[in-house]
**Student:** 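My questions all concern the structure below.
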Amino acid sequence: MNNSMGINVGNLRNKRIAVGACYFVPGVVFASWASRIPDVKELLHLSNGQLGSVLFAIPIGQLLMMAFSGILVSRFGSKKMLMLSEFLYAASLFAIGLCDNVLHLIMALVALGMMANLMNIATNTQACYLEKLYGRNIMSSFHGMWSLGGFAGGIIGALFAGTLLPVSVHFTSVLVASVIIVALCFRNLVSESLAEAEDEDVPKFSFRSVDPTLILLGVMGFGGMFCEGTVYDWSSVYFLTVVKPDATFIRAGYIAGMGAMTLGRFLADGFVTKYGPSRVLKVCGLLILDGLLLAASLPYLITATLGFLLVGFGISSSVPICYSVAGKLGTMKASIAITIVSSISFFGFLVGPPVIGWLSELSNLRIALSLAACFGLFIAFVAGKVGKRIR
């Protein structure tokens, strides 16, 4: 364990808990939204195509913020930007709960997307610095905390959906809890002085110095996030409109996917250490391929749930591995490297959910999921091509 900065084991542990909590909170926030999409869809009387267009608002917000997130984190520090973005992210969820028409919903989702992008850079930069201080792979476990938050948020969403309380009460409760947790974590986040010390030997950024490996990592992240966004935004809708189980099991696919993603991310660091990132990425791609094809070809409760379970394991490690490798390349500052990879990756969220909606409108949701499965094969193929570069 790297202790060159004079940090004792106890302080490192506290920092890891704090950073982990800052992954957990947005997982709960996003899952709170994702788990209530069917309710919002019915409340505003949206078709699949209209819902796909509305969901386009989140990646638009991410795209609008993409050019500024890395600059803000570099200028003001990941610690401050993390606090600001997490508060505004939860506040955006609160605003969604108050929406009574499509225009207001779109505006709230744009804000949610903007804060998601800023928060993504800030949290992963914090995690990268802490990973360097630890001297071993811990990135996936942080993303596991996000998934754990998503799993918890999905269950909480299902419980709230089973009551007569409005969506606004659910989202207000999440806002209050989020603010309290993040405020308690602030003092234990990685300070800017430690962050600067970790980057002191890294060359200054130049477009000519961009490592092509970063682009390939971003491309794989794109495929992973396309499928990840598909699970978040369309799994419950798929069960509601295609599988058509008892109302109690409408969110079974979402919860199975999030549960598998959570477990996979806590196990991934050990597998990466033993087998290397390239091999793990290949397996992830094949699990995504098989899972989506299973869910699409056999739209029954057990098989569809199993399919999303496999997809959850597949998407669990693809993006965390890409971020971890990017942050440790050493060819530029971690925040800039992560910004490049995450910017490319987040285009998966940009086109994923809306494209699934449009494809399902043109054909059906089963065919749309089958086409999304191709990205799993894509990830496995690219991982094989760049295996020697990301060992």
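In this chain, numbering begins with 1 at the start of the sequence shown. Here the structure is a predicted model, which is why all the values come from computation and not from measurement.
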**Student:** Between the main-chain N or O of Phe313 and the side-chain N or O of Ser316, is there a donor-acceptor pair closer than 3.5 Å?
**Tutor:** yes
**Student:** Atom CE of residue position Met83 - does it have more than 12 heavy atoms of other residues, nucleotides or ligands inside 6.0 Å?
**Tutor:** yes
**Student:** Any donor-acceptor pair under 3.5 Å linking the side chain of Ser318 with the backbone of Gly221?
**Tutor:** no
**Student:** What's the separation between atom OG in Ser236 and atom CZ in Arg36, rounded to the nearest 0.5 Å?
**Tutor:** 11.0 Å
**Student:** Does Phe68, at its CZ atom, have more than 12 non-hydrogen atoms belonging to other residues, nucleotides or ligands within less than 6.0 Å?
**Tutor:** no
**Student:** Take Leu159 and His170, measure what side chain to side chain contact (heavy atoms under 4.5 Å, CB included) needs, and give me the verdict at the end.
**Tutor:** CA-CA 10 Å; Leu159 292 175; His170 174 193; over 6 Å; no
**Student:** Would a 4.5 Å heavy-atom cut-off, applied to side chains only, mark Phe222 and Val351 as touching?
**Tutor:** yes
**Student:** Under a 4.5 Å cut-off applied to non-hydrogen side-chain atoms, are Leu189 and Leu82 in contact?
**Tutor:** yes
**Student:** Backbone N or O of Ile17 within a donor-acceptor pair of the Asn188 side chain at under 3.5 Å?
**Tutor:** no
**Student:** Start with the C-alpha distance between Leu217 and Met220, add both sets of side-chain angles, then the distance that settles side chain to side chain contact (heavy atoms under 4.5 Å, CB included), and finish with yes or no.
**Tutor:** CA-CA 5 Å; Leu217 291 170; Met220 286 188 285; 4.0 Å; yes
**Student:** If only atom types and distance count, is the side chain of Gln62 paired as donor or acceptor with the main-chain N or O of Asn117 below 3.5 Å?
**Tutor:** no
**Student:** I'd like to know if Leu377 and Val283 are part of one continuous hydrophobic network [Ile/Leu/Val/Met/Phe/Trp/Tyr, side-chain heavy atoms within less than 4.5 Å].
**Tutor:** no
**Student:** Looking only at atom types and distance, does a side-chain atom of Trp234 sit under 3.5 Å from a main-chain N or O of Pro353, one as donor and one as acceptor?
**Tutor:** yes
**Student:** Quick one: pull up CG in Asn120 and OG in Ser69 and give me the separation to the nearest 0.5 Å.
**Tutor:** 8.0 Å
**Student:** In terms of heavy-atom contacts, does CG of Leu64 have more than 12 from other residues, nucleotides or ligands at under 6.0 Å?
**Tutor:** yes
**Student:** Report the distance from atom CG of Leu44 to atom CG of Asp39, rounding to the nearest 0.5 Å.
**Tutor:** 11.0 Å
**Student:** More than 12 heavy atoms of other residues, nucleotides or ligands under 6.0 Å from CZ of Phe266: is that the case?
**Tutor:** yes
**Student:** Tell me if a side-chain donor or acceptor on Glu86 pairs with a main-chain N or O of Met119 at a distance below 3.5 Å.
**Tutor:** no
**Student:** Would the distance check show the side chain of Tyr238 and the main-chain N or O of Ala295 forming a donor-acceptor pair, the cut-off being under 3.5 Å?
**Tutor:** yes
**Student:** Under the 3.5 angstrom rule, does the side chain of Ser74 hit a backbone N or O of Ile71 as a donor-acceptor pair?
**Tutor:** no
**Student:** May I ask you to establish whether Arg16 and Tyr134 are in a cation-pi arrangement, using a distance under 6.0 Å from NZ or CZ to the six-membered ring centre and at most 45° from the ring axis?
**Tutor:** yes
**Student:** For the pair Val29 and Ser178, evaluate side chain to side chain contact (heavy atoms under 4.5 Å, CB included) and give the outcome as yes or no after the intermediate values.
**Tutor:** CA-CA 8 Å; Val29 172; Ser178 299; 3.7 Å; yes
**Student:** Examine Met258 and Val237 and state if one hydrophobic cluster contains both, with Ile, Leu, Val, Met, Phe, Trp and Tyr joined whenever side-chain heavy atoms are less than 4.5 Å apart.
**Tutor:** yes
**Student:** Quick check for you: to the nearest 0.5 Å, what is the distance between Phe94 atom CZ and Ser32 atom OG?
**Tutor:** 14.0 Å
**Student:** How many angstroms lie between OG1 in Thr262 and CD1 in Ile255, if you round to the nearest 0.5 Å?
**Tutor:** 11.5 Å
**Student:** Could you give the distance from CD1 (Ile58) to CE (Met115), rounded to the nearest 0.5 Å?
**Tutor:** 13.5 Å
**Student:** Short question: side chain of Asn101, backbone of His104 - any donor-acceptor pair under 3.5 Å?
**Tutor:** yes
**Student:** Would a single hydrophobic cluster contain both Ile215 and Phe226, if residues Ile, Leu, Val, Met, Phe, Trp and Tyr are joined by side-chain heavy-atom contacts under 4.5 Å?
**Tutor:** yes
**Student:** Assess whether atom CZ of Arg279 is packed by more than 12 heavy atoms of other residues, nucleotides or ligands within 6.0 Å.
**Tutor:** no
**Student:** Which residue in the set Phe30, Trp146, Phe142 passes ring-ring contact (aromatic ring centres under 6.0 Å, His included) when paired with Tyr23?
**Tutor:** Phe142
**Student:** Look only at the side chain of Arg251 and the backbone of Ser35, and say whether a donor-acceptor pair between them is shorter than 3.5 Å.
**Tutor:** yes
**Student:** Classify the angle between the aromatic ring planes of Phe375 and Phe378 as parallel (below 30°), tilted (30 to 60°) or perpendicular (above 60°).
**Tutor:** perpendicular
